[in-house]
There are 2 protein chains.
Amino acid sequence: MKLSRFLQNIVPFPADELEDIVSYFERETVYKNVPLVKGGQVCSKLYLVEEGVGRSYYLKEDGKEITQWFFVEGQFMSSIESFFQQNPSLYYLEMLEDSVLYSITRENLDLLFARYHNMEKLGRLLSTEMLTRVVNKLNAIQFQTARERYDYMLNEYPNIVNRVPLGNIASYLGMTQETLSRIRKTESRNKS
Amino acid sequence: MKLSRFLQNIVPFPADELEDIVSYFERETVYKNVPLVKGGQVCSKLYLVEEGVGRSYYLKEDGKEITQWFFVEGQFMSSIESFFQQNPSLYYLEMLEDSVLYSITRENLDLLFARYHNMEKLGRLLSTEMLTRVVNKLNAIQFQTARERYDYMLNEYPNIVNRVPLGNIASYLGMTQETLSRIRKTESRNKS
DNA sequence: TGTATTATTTGATCTAGGTCAAAAGAAACT
DNA sequence: AGTTTCTTTTGACCTAGATCAAATAATACA
C-alpha cells in the first residue's frame, strides 16, 4: 500500500501536509533475517511494513529467542519502548521475508509531531491502537490455556501462521514448540 | 496533586489553555468498592486519581474476579479500550479506598484534543507511557516465574502491596492467592 | 466484648505444560 | 542426487503452580 494512502486512512491530512510528511520517510528494502535493531542498541527508527512480515524478539540468558511481536503489511514496526523512550532496546527486530519498509527517524517524527496537529493525532491514534492490541495479548496470555491462545491467534492473524516458523509462533504465544506442535495435531482433527 | 500542576508536568501548557482545559474536568469523591463502570457498560469517562487506589477487574465465568490493573495517585484510570473505542467494557472499575478523582468525558476530551495541539500531545504521551507499562507487565507475565513476578511488583508498586487485599494482587500477577501467600512466607525469610 | 464475615495461611493432591532426547521431514548447499 | 542443516514431530518423564478443603487470623458489626 502506498504510504500516503495508508496515512490518510487514519487521519485526513490536507494534500500539502501529506506531501511534506511523506518526504521525511525513506523506502528501504530489507532482507530476511538481517537484524534492523539488535538488543542493547537504541532503536532510532519507526518502520511501516509495505511488504513482508517482521518480528521483534528477545534473547533469553540461555540463548533462546522469544518472539514478542509480529508485524505485517500496513503495521508500524519498532522496538516501541526503545524508540519512544530512547533507551537501549531489549529486543531484536528482523524481517522473516525479504521486505519493503518505510522508515522515519525519531528526530524527524518529533519534528512532524510539533509541526502538524494532525500528525500528533496520528501518533495518538496509533499508540492507542497498539495499546489495545497489547492489552488483548496480555489477557490471552494471562487467562487462557495454550490451546485457546493458539485459536485466538488463528483468528487475529490467520495469514501469519503459514508464513513464519512454528517455533516463533510458539514463543510468541508463551509456550514451547513441542506444545504447539501437539496442539496443531489435535486441532486439525477437531476441525475436520 | 492539583490537576493543573499534574498536566503541566507532562506538557508545558500556556496559562490560558490550561485554564480552559481544567474547566472540563470534574472533581468527584468516590467511595470504596462502589463500581465506577460495570462490565458490559461503555466507559464514558477518563479519571485521574488525586487520592486513593483503584483497580480494574474482569469477572470470569465462574464468578472469580481477576484484577487487571491498579491505579494510584497521579495516574489516569479508565477501562482503556472501552473508553477509546467506545465499546462495552470487559472490566469493572472501582476504588479500593474512599477516593478523590478528576474525571472528563470522552466528548469533552475529544473536543480538547481538537482544540489544542498541546492536548493532543498530552494524549499521545500518556498512551505511549501506558503502552510501555502494559508491555512490561506482559513480559513479566509471559517470561517470569510467580516469585519473580511478585518481586517485580514490589519494585514497581512498593506502596500498593500494603494497601490492597492479597487476592487482588495475586490475580493481577496471574497466580492464585494460595501461591502468593506461600511466596510471601519464604520471601520474608529471604530478606531477613 | 462476643459473634459473624472476610481474608489469609497451610496441607494434600493433581495436571497442564515444560524439559530432555531422539526420530522424521524439509530446505538449502555442493 | 546426496549430504548437511534446520524445522517439526513424537515419546517419556517431571515440576511449578493449580485446585480443593480445612484451619487460622483479622475485621466488621451488634
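Proteins get letters first, then strands, A, B, ... in listed order; numbering begins at 1 in each. Keep in mind it's a predicted model, so treat the numbers as computed, not measured.
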Looking at Thr145(B), I'd like to know whether one of its side-chain N or O atoms comes within less than 4.0 Å of OP1 or OP2 on dA16(D). no
Whole-Å gap separating P (dT15(D)) and CE (Met175(B)): 20 Å
Does a salt bridge link Asp110(A) with Arg106(A), judged by any charged N lying under 4.0 Å from a carboxylate O? yes
Starting at CG of Asn33(B) and ending at P of dT27(D), how long is that distance when rounded to a whole Å? 15 Å
dG18(C) base / Arg182(A) side chain donor-acceptor hit below 3.5 Å: no
Within less than 4.0 Å of OP1 or OP2 of dG18(C), is there a side-chain N or O belonging to Thr179(A)? yes
Rounding to a whole Å, what distance do you find between Leu180(B):CG and dA7(C):P? 15 Å
Between Glu156(A) and Lys137(A), does any side-chain N to carboxylate O distance fall below 4.0 Å? no
Distance, rounded to the nearest Å, where Ile183(A) contributes CD1 and dG18(C) contributes P: 8 Å
Atom CD of Gln142(B) and atom C1' of dG18(C) are separated, to the nearest Å, by 15 Å
Using heavy atoms to find the nearest nucleotide of DNA chain D for Lys32(B) and Thr176(B) separately, return the residue whose nucleotide is more 5′. Thr176(B)
Counting heavy atoms from C-beta on, name the nucleotide in dT9(D), dT9(C), dG17(D) closest to the side chain of Leu166(B). dT9(C)
Side-chain atoms of Glu178(B) come closest, of dA21(D), dT10(D), dA12(C), to dA21(D)
What nucleotide, of dG17(D), dT8(C), dT8(D), holds the atom closest to the side chain of Pro165(A)? dT8(D)
Between dT19(C), dA18(D), dT8(C), which nucleotide gets closest to the side-chain atoms of Lys64(A)? dT19(C)
Distance test, side-chain N/O of Lys185(A) to OP1/OP2 of dT9(D), below 4.0 Å: no
Tyr92(A)/Tyr57(A) aromatic ring centres below 6.0 Å: yes
Which whole-number value in Å describes the distance from Lys60(A) NZ to dG18(C) P? 10 Å
Between Gln177(A) (CD) and dT19(C) (P), how many Å, whole number? 12 Å
Would a line drawn from the ring center of Phe143(A) to the ring center of Tyr58(B) be shorter than 6.0 Å? yes
Given atom CG of Leu96(A) and atom P of dT7(D), what is their separation to the nearest angstrom? 11 Å
Taking the minimum atom-to-atom distance to the side chain of Ala146(A), which one of dG17(C), dA18(D), dT8(D) wins? dG17(C)
What nucleotide among dA18(D), dT10(C), dT9(D) has an atom nearest to a side-chain atom of Ser181(B)? dT10(C)
Determine whether Tyr172(A) and Met153(A) satisfy the following criterion, side chain to side chain contact (heavy atoms under 4.5 Å, CB included), listing intermediate values before the conclusion. CA-CA 10 Å; Tyr172(A) 170 76; Met153(A) 172 141 192; 3.6 Å; yes
